[in-house]
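Keep in mind that the numbers below use all heavy atoms, side chains included, and drop hydrogens, waters and symmetry copies.
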Amino acid sequence: MSRQVPMVGKDDRAAFRTVGEARARARNGAVIRVGRDRCPESPAVRTRVTGVAGGGRDSAELLPGQGS
């Protein structure tokens with residue numbers, strides 16, 4: 001079985017606009033790739049996934065809301 005690698009970002013290559021959308025559709029073992037972007041969200045992860053920055057180290061940033 002191949003590993004699921006959904007892309008998150010604002011460009012045309014991305015399948016999802018938010019990490020939360022990608023996470024909701026991700027299977028166990030998926031790798032969620034975030035393009036060079038800031039993501040102002042607090043996604044709850046309930047499956048075993050890996051998150052990676054699509055543009056290399058420190059090119060993506062998750063910005064959880066206050067109190068999360």
Side-chain angles (χ1 to χ4, degrees):
M1 179 196 277
S2 64
R3 182 170 281 193
Q4 182 185 22
V5 185
M7 178 72 166
V8 176
K10 295 178 182 168
D11 64 16
D12 292 338
R13 295 176 297 157
F16 301 99
R17 296 289 179 217
T18 68
V19 174
E21 290 174 4
R23 188 250 343 128
R25 304 275 302 272
R27 299 185 303 259
N28 277 336
V31 175
I32 297 174
R33 182 176 292 277
V34 179
R36 293 177 186 258
D37 209 348
R38 293 182 136 207
C39 301
E41 58 183 304
S42 301
V45 179
R46 292 182 178 84
T47 54
R48 191 177 316 175
V49 298
T50 300
V52 295
R57 187 181 197 120
D58 298 330
S59 65
E61 188 175 7
L62 286 179
L63 304 168
Q66 229 176 5
S68 57

What are the two closest heavy atoms between Val8 and Val19, and how far apart are they? CG1-N, 3.7 Å
As an exercise, state the distance from CE of Met7 to CZ of Arg33, rounded to the nearest 0.5 Å. 7.0 Å
Could you work out, with side chain to side chain contact (heavy atoms under 4.5 Å, CB included) as the rule, every residue matching Glu21, not counting sequence neighbours? Phe16, Arg17, Thr18
Show your working on side chain to side chain contact (heavy atoms under 4.5 Å, CB included) between Gln4 and Val31 and close with a plain yes or no. CA-CA 6 Å; Gln4 182 185 22; Val31 175; over 6 Å; no
Contacts of Asn28 that satisfy side chain to side chain contact (heavy atoms under 4.5 Å, CB included) - sequence neighbours left out: Thr47, Arg48
